[in-house]
Amino acid sequence: MGVGDYILQGILAFFLGSELFSILGIPVSINIVMVLAGFLLGIMVGATPGLAGPVAMAISLPLLLSSFGYHASALLPVLGFLIGIMKGATVGGAVPAILFNTPGTPDAYMTTLDGFPMAQNGQAKKALRIAHFSSASGDTFSDLVLFVCAPFLAIIIEAHLDLPEKTALLILSLSFIAAVIGGSPAKGLISTGLGLLAVFIGTGEDFYPRLSLGTDQLARGFPITTAVLGVLILGAVFEGIDNLVREKRETGSFSAVPESGDQVLHWADIRRLMPYISRSALIGTAIGALPGIGSTLAATLGYTVGKSRHQKRKSTDDPDFGTGAPQGIAATEAANSSVSGANLIPVLSLGIPGNAAAVFLILAAESIGGFVPGPAVFKFTTDTVNPELVIAFGLFTAMAFANVLNWTIGGLFMRSMGVMIRIPKQLLLPSVLLLTLTAIYIQETRLEAIWFALGFGVLGYAMRKLEISPLPFVIAFILGDKLELSARRAFSASGNDPFFLFSTPIATILMLLAIGVLVYTARKRRLEASA
Amino acid sequence: MIGGPDGIRTLETSNIGASPVDNRSNSNAILGGLCVLAAALVAFVWVPLDVDSGVVEQVRRRVQIGDSLAPVTAAVFIAIGGLVLLLVERRVPDQPAFTLQNLRFIALSAAIIVVGFLIMRFTGPLTVDVVNLLTGGELQYRLLRDSAPWKFIGYFIGGIFVVAGLMAQAEGGTTRKNLGIATAVVIALILIFDVPFDDLLLPPNGDV
């Protein structure tokens with residue numbers, strides 16, 4: 001089989017899968033329906049704070065497996081549904097970020113910085129339109145790169161990044177995040193350190209789970225949902241309720257934000273936003289293609305690069321980044337959405353997820369069988385058919401189909417979530433809190449998870465009050481285990497060289513960059529303070 | 001506060017909800033000091049006492065990274081952050097502080113949630129005990145935890161307590177309308193999470 005045959009087989013496998021029903025005699029495959037259902041569900045859960053994509057994927061997976069079984073024919077409908085959720089949630093995550101200052105997904109955190117101020121200025125609908133356009137553009141670009149470059153890029157990355165480089169890259173990403181988020185590298189480092197400390201509790205290679213204080217509860221470690229949803233969602237909910245208490249005390253009433261100004265996204269707006277979208281799409285795609293680094297870093301980098309450009313080129317009347325600049329939303333959403341396509345490069349070719357959503361794709365593939373993410377996927381065998389490659393192109397088709405849905409009905413469906421701004425916050429926030437805690441319990445089925453999440457929520461609230469960004473905490477929590485494992489392997493592979501992080505030129509450059517970015521931002525902060 | 005175009009009062013977001021800012025504040029110095037102290041406690045007390053292997057271990061003539069290295073690295077991150085706050089960012093403007101008011105708020109919120117989940121945990125089994133007492137039956141909640149209406153009792157009452165309690169905290173008092181909304185919210189969550197799925201357990205049914 002040639003390359004074209006594989007692509008055609010993949011497309012046919014998606015569109016001519018098991019027939020669910022027919023319209024005017026045209027069979028409609030179960031795969032199409034599953035992607036549509038996943039996409040709409042994804043937007044809904046993304047738009048609902050506390051119900052981010054990974055939560056929906058985690059809850060859906062056992063149900064999907066029990067519905068479709070454990071044979072190869074289940075791969076496309078199950079993975080298609082999960083891909084639909086992943087894409088929908090990325091778009092939908094911007095809705096609560098813009099309307100409630102509460103990111104529906106961790107990677108939508110940066111969207112709050114400009115989206116919420118725009119909503120507060122009565123420009124909520126326009127902010128949602130900008131977020132959708134940027135997100136759909138970034139996502140489509142990323143998918144095109146995935147389809148064209150996946151086999152080649154995966155091979156190149158694997159060839160050039162060995163264990164020391166991968167460890168150094170993880171350290172660079174943590175250092176960069178600590179330095180650039182929140183404006184204070186010191187507070188960024190503290191947030192990162194706390195996240196690392198939390199993820200290292202109850203783990204390790206010794207028989208005794210480290211730092212568990214001899215308790216069974218800590219011996220199992222903190223579940224990822226309790227830390228991520230606790231610090232990000234519960235912390236934000238606590239802060240939101242606190243603001244309402246203060247508002248009520250100071251004014252005797254709650255405020256409402258009426259719409260004001262033009263809510264339509266014009267061509268002139270699009271032309272102004274395109275430089276930010278295209279840069280962020282490139283950044284997000286590049287970040288997404290690197291194993292182990294997810295959409296949150298892409299959003300941060302896209303936002304930072306966009307901010308630097310905006311400061312140089314903006315007119316005096318334009319709002320700054322962080323105060324309601326449409327360019328800030330575009331830069332963030334294009335970057336985090338462009339990760340999802342490229343993220344499947346390391347997932348499909350190396351079996352390494354770049355974000356939480358990708359973890360569930362790997363789990364689904366491994367549970368069903370018949371598709372083992374790894375180098376074998378991209379073997380273009382000519383004498384025999386490589387069924388995994390056909391499935392891979394079937395998945396690409398599912399992603400392209402989800403993009404078509406995104407451009408056609410995604411924006412409308414997403415904006416319909418704008419009705420949520422009418423729900424009084426003092427009624428919504430407590431409901432979101434119970435929803436989040438319920439979702440956590442359903443996954444962990446033990447009350448300790450609730451207490452852990454509550455503890456992380458209190459920590460998230462305190463961090464916000466002290467202006468310590470919770471984002472480095474979350475990223476450190478997600479990357480911590482990978483960092484330790486990578487360091488252990490690199491140390492061992494280097495023959496116990498204590499300077500293994502400086503053993504190759506690329507690793508050395510990455511480590512110097514990690515140190516340099518911290519020193520540079522700390523010096524800059526000192527100069528700002530003395531000015 | 002400023003007046004909105006249609007007479008609705010509009011909020012200036014920069015003021016309300018922000019922590020008090022004092023240019024002469026020493027909150028960065030206090031936070032930095034606490035972080036250095038906490039990092040030292042982690043690295044020199046908690047890790048040595050509560051981790052089996054050291055930073056580097058020798059196992060069968062092979063040297064390998066021990067379980068202590070990772071948490072010590074985390075402590076180093078916290079310590080460097082604290083030192084930078086103490087030495088570099090000590091005098092920066094706009095230092096927010098964690099006030100007593102913040103502490104009171106979060107303590108009350110946490111108390112509402114803890115009490116709500118304790119109600120959730122014990123209401124179902126208590127109800128079964130009461131029914132047994134009245135009827136002379138020998139029902140066990142553990143065997144009923146996946147059967148309606150028993151499985152909903154704790155979540156229903158505890159959930160209403162959490163949602164209505166936090167609403168009351170935000171509004172400075174509770175109303176019948178809010179109780180009704182809290183009830184509707186809990187019923188909606190039961191419909192979303194429990195009714196369509198046989199294999200999912202609402203709180204607290206995984207623990208009893």
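Note on naming: letters A, B, ... go to the chains in the order of the sequence lines (proteins, then strands), and numbering restarts at 1 for each one. These numbers come from a predicted model, not from an experiment.
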Original post:
So which part of Leu85(B) gets closer than 4.5 Å to some heavy atom of chain A, the side chain, the backbone, both or neither?
Top reply: both

Subject >> Part of Leu454(A) lying under 4.5 Å from any heavy atom of chain B >> reply: side chain

Subject >> Greatest number of heavy atom pairs closer than 4.5 Å to chain B - which of Leu211(A), Val458(A), Thr445(A) >> reply: Leu211(A)

Subject >> Most chain A-contacting option - heavy-atom pairs closer than 4.5 Å, from Val185(B), Leu83(B), Ile113(B) >> reply: Ile113(B)

Subject >> Which atoms of Thr203(A) approach chain B - backbone, side chain, both or neither, heavy atom under 4.5 Å >> reply: backbone

Original post:
Is chain B contacted by the side chain of Ile468(A), its backbone, both, or neither, given a heavy-atom distance below 4.5 Å?
Top reply: side chain

Original post:
Is the backbone N or O of Ile65(B) less than 3.5 Å from a side-chain atom of Arg488(A), with the two atoms forming a donor-acceptor pair by type?
Top reply: yes

Original post:
Does Ser53(B) offer a backbone N or O that forms a donor-acceptor pair with the side chain of Asp67(B) under 3.5 Å?
Top reply: no

Original post:
Looking at Gly457(A), Gly455(A), Gly204(A), which one has more heavy-atom pairs under 4.5 Å with chain B than the rest?
Top reply: Gly204(A)

**OP:** Spell out, as yes or no, whether a donor-acceptor pair under 3.5 Å connects the side chain of Asp52(B) to the backbone of Asp206(A).
**Re:** no

Subject >> Arg62(B)-Ser492(A) side chain donor-acceptor pair, cut-off 3.5 Å >> reply: yes

**OP:** Give a yes or no on whether the backbone of Thr99(B) and the side-chain of Asn102(B) come within a donor-acceptor separation of less than 3.5 Å.
**Re:** yes

**OP:** Identify which of Ile450(A), Leu518(A), Leu429(A), Leu434(A) forms the greatest number of heavy-atom pairs closer than 4.5 Å to chain B.
**Re:** Leu434(A)

**OP:** Please check if the side chain of Ser212(A) supplies one atom and the backbone of Leu218(A) the other of a donor-acceptor pair under 3.5 Å.
**Re:** no

Original post:
Taking Tyr461(A), Tyr441(A), Phe200(A) one by one, which has the highest count of heavy-atom pairs under 4.5 Å against chain B?
Top reply: Tyr441(A)

Original post:
Which word best sums up how the rings of Trp451(A) and Phe117(B) line up, parallel for under 30°, tilted for 30 to 60°, or perpendicular for over 60°?
Top reply: perpendicular

Original post:
Do Tyr155(B) and Asp194(B) have side-chain N/O donor and acceptor atoms under 3.5 Å apart?
Top reply: no

Original post:
Counting only heavy atoms not in Arg446(A), do more than 12 fall under 6.0 Å of its CZ?
Top reply: yes

**OP:** Could you look at Ile241(A) and say if it's the side chain, the backbone, both or neither that has a heavy atom under 4.5 Å from chain B?
**Re:** both

**OP:** Mind ranking Ala38(B), Cys35(B), Gly81(B), Gly116(B) by heavy-atom pairs under 4.5 Å with chain A and telling me who comes out on top?
**Re:** Gly81(B)

Original post:
Has the side chain of Ser191(A) got a donor or acceptor atom that lies under 3.5 Å from a matching backbone atom of Lys187(A)?
Top reply: no

**OP:** Please answer whether the main-chain N or O of Pro96(B) pairs with a side-chain N or O of Ser27(B) as donor and acceptor at a distance below 3.5 Å.
**Re:** yes

**OP:** Specify which of Leu447(A), Leu196(A), Leu197(A) makes the most heavy-atom pairs with chain B at under 4.5 Å.
**Re:** Leu447(A)

Original post:
chain A: which of Val163(B), Val76(B), Ile106(B), Val42(B) shares the most heavy-atom pairs with it under 4.5 Å?
Top reply: Ile106(B)

Subject >> Among Val114(B), Ile181(B), Val162(B), Leu31(B), residue most engaged with chain A (heavy-atom pairs, under 4.5 Å) >> reply: Val114(B)

**OP:** Just give me the residue among Thr192(A), Leu433(A), Leu234(A) that pairs up with chain B most often, heavy atom to heavy atom, under 4.5 Å.
**Re:** Leu433(A)

**OP:** Would you mind telling me which of Gln169(B), Glu57(B), Arg90(B), Gln101(B) has the largest number of heavy-atom pairs within less than 4.5 Å of chain A?
**Re:** Gln101(B)

Original post:
Non-hydrogen atoms of chain B under 4.5 Å away: do they reach the side chain of Glu205(A), the backbone, both or neither?
Top reply: both

